[in-house]
Amino acid sequence: MESYETEVAWAHRTSEHIRVLTRAQSFLLRFIETVSEDVLSEKTLLKMLYSLERTMGFTNTALIYTDDAAVISTEQVIYSHHEPNPISDKIFDELIMSGTASFLALNAESEEVECLGLSFTGSRNEVGVLVVEMQKGRFLEDSEIKVLEITAKLLSMVTKFQSHDEEGRRLAILEERAAIARELHDSLAQSLSFMKIQMARLQSNVVDDKQREVTTELREGLDNAYRELRELLTTFRVHMDLRGLGYAIQATIDEFSQRSSLAITLDNRLVNCRLTVNEEFHILHVVREALSNIVRHSGAKHVSILMLVNKKGELELTIDDDGVGMTKVSSTYDHHGQAIMKERAKTLGGDIDVMARRYGGTRVRLKFVPKLVE
């Protein structure tokens, strides 16, 4: 009985850790997308701090900038909940030396809280410190610390490239994404892979039907999180090229053609259509998600991809397949895949429809007005 309760408790801890990792992945992606398009203004940084606080369950997050690396007397502070206590010279020296420092501080209610500080370089080469506060006694997992380190590195990288021209800024964004992809692979992907192994071991020892249902649900959630992360990493790698969206989509078509029996054709009519890096990234990800669903669920033999700008100035991406269609019980597009694509369409300020074709198969159509057209 004790062993069973221990396994159930472990399952609950694993489930919560998976949720934290998934939320952290979403936070990093949103932050990358934001800095791809906007200058790191105070408004942008505040949104990032609010998102980080909610994602990681912190009680307060703050950014502290100081003009002189030797002293921290002149500061600019941006915070999500309340202004943090001043950082002592001892803690600041530790931040300069090692990049991170853990310490106790008092919150707005004069209660002791655990704090972690991470240093980064500001836009004028000033020293910046990302400070997070949490309940006293909370222990951060290695993967959670890795997310904070990635955030601090991203802050340094973004501010470094803000003055670049459009092509230079584009290259910088791609380099940032490559760095983030490496960090995600080394931290979140490995953690999720380990959890998949542990969950399989747990499932093999469960005999109660109710608990088997719970562990099965956890396993499915973990598989989805792992699949989405792997797909995100693949998209990062495919898109790390200055040759543009057309080249990236053709590389994706070649990849899916090689690993399946699909015959995929591309009709790219986007002539002189300027897109931001963020828009290209989302279009590519919608194509990959659609092709992934077709391979896994549709039984299709042929897929056609059409990209054009319609008379309204909207970019249209249409993906047709000749598979089983939407009327079958085994839907071509699972709910998880549809939710991901709809979220990306919403981010682009457009919409996406998944519908049955008149003569069989399924159609995915994305429409949005490119930002540079607006």
Side-chain angles (χ1 to χ4, degrees), residues 22 25-26 28-30 32-33 36 177 180-181 184-185 188-189 192 220-240 245-260 262-266 268 275 277-300 302-307 315-326 328 330-357 361-368:
T22 304
Q25 171 192 329
S26 299
L28 288 171
L29 179 57
R30 288 195 302 271
I32 294 168
E33 291 167 349
S36 296
R177 284 181 168 165
I180 295 299
L184 287 174
H185 178 269
L188 299 184
L192 287 173
E220 290 174 354
L222 180 57
D223 287 342
N224 281 334
Y226 186 77
R227 182 181 68 83
E228 185 177 347
L229 178 58
R230 300 303 304 179
E231 179 61 28
L232 179 63
L233 291 175
T234 301
T235 306
F236 270 128
R237 294 189 186 103
V238 169
H239 204 248
M240 295 303 116
L245 177 64
Y247 177 83
I249 290 182
Q250 187 58 57
T252 295
I253 290 173
D254 294 341
E255 174 195 337
F256 277 88
S257 297
Q258 289 174 5
R259 75 187 202 195
S260 70
L262 283 176
I264 308 172
T265 59
L266 172 64
N268 184 0
L275 298 169
V277 176
N278 188 46
E279 289 167 342
E280 291 184 357
F281 178 80
H282 283 302
I283 292 170
L284 178 60
H285 216 301
V286 167
V287 171
R288 294 189 65 87
E289 184 65 36
L291 290 178
S292 179
N293 278 315
I294 291 170
V295 169
R296 289 186 293 121
H297 300 297
S298 76
H302 301 90
V303 177
S304 64
I305 301 173
L306 171 64
M307 296 192 298
L315 186 149
E316 280 190 25
L317 167 68
T318 304
I319 304 169
D320 288 337
D321 72 68
D322 60 356
V324 296
M326 298 292 291
K328 300 292 183 180
S330 176
S331 176
T332 304
Y333 292 87
D334 57 42
H335 295 297
H336 184 69
Q338 286 195 53
I340 292 172
M341 291 191 290
K342 286 183 182 296
E343 185 62 32
R344 295 190 178 281
K346 183 179 178 182
T347 301
L348 290 169
D351 56 70
I352 193 167
D353 294 310
V354 180
M355 65 196 86
R357 297 174 65 205
T362 305
R363 168 169 292 175
V364 176
R365 175 170 285 167
L366 168 69
K367 291 183 181 181
F368 72 95

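These values consider heavy atoms only, across backbone and side chains, with no hydrogens, waters or symmetry-generated copies.
Using a 4.5 Å heavy-atom threshold, the side chains of Ile249 and Asn268 count as separate. Using a 4.5 Å heavy-atom cutoff, the side chains of Met307 and Leu315 are not in contact. Put simply, the side chain of Asn293 does not reach to within 4.5 Å of the side chain of Val364, judged on heavy atoms. Taking the side chain as every heavy atom from C-beta outward, Phe368 and Glu279 approach each other to under 4.5 Å.
Not counting sequence neighbours, the partners of Asp254 by the side-chain hydrogen bond (donor to acceptor under 3.5 Å, both in side chains) test are Gln250. Judged as a side chain to side chain contact (heavy atoms under 4.5 Å, CB included), and not counting sequence neighbours, the contacts of Thr265 are Ser304. Arg357 is linked by a side-chain hydrogen bond (donor to acceptor under 3.5 Å, both in side chains) to nothing, counting only residues two or more places apart in sequence or in another chain. Qualifying side-chain hydrogen bond (donor to acceptor under 3.5 Å, both in side chains) partners for Thr347, counting only residues two or more places apart in sequence or in other chains: none.
The distance from atom CZ of Arg344 to atom CD1 of Ile283, rounded to the nearest 0.5 Å, is 11.5 Å. Here the straight-line distance linking atom CD1 of Ile264 with atom OG1 of Thr252 works out to 9.0 Å at 0.5 Å rounding. Thr318 OG1 to Lys367 NZ: the interatomic distance, rounded to the nearest 0.5 Å, is 8.0 Å. A distance of 10.0 Å separates CG in Leu29 from CD in Glu343, rounded to the nearest 0.5 Å.
Applying side-chain contact (heavy atoms from CB on, under 4.5 Å) to Leu317 and the options Leu306, Ile352, Val286 leaves one that passes, Val286. The only option from Asp320, Asp322, Asp353 that meets the salt bridge (Lys or Arg N to Asp or Glu O under 4.0 Å) definition with Arg363 turns out to be Asp320. Paired with Ile253 under the rule side-chain contact (heavy atoms from CB on, under 4.5 Å), one option of Leu266, Val287, Val303, Leu262 passes, and it is Leu266.
In this structure, the side chain of Ser292 does not engage the main chain of Arg288 through any donor-acceptor pair within 3.5 Å. A donor-acceptor pair under 3.5 Å is formed between the side chain of Asp321 and the backbone N or O of Gly323.
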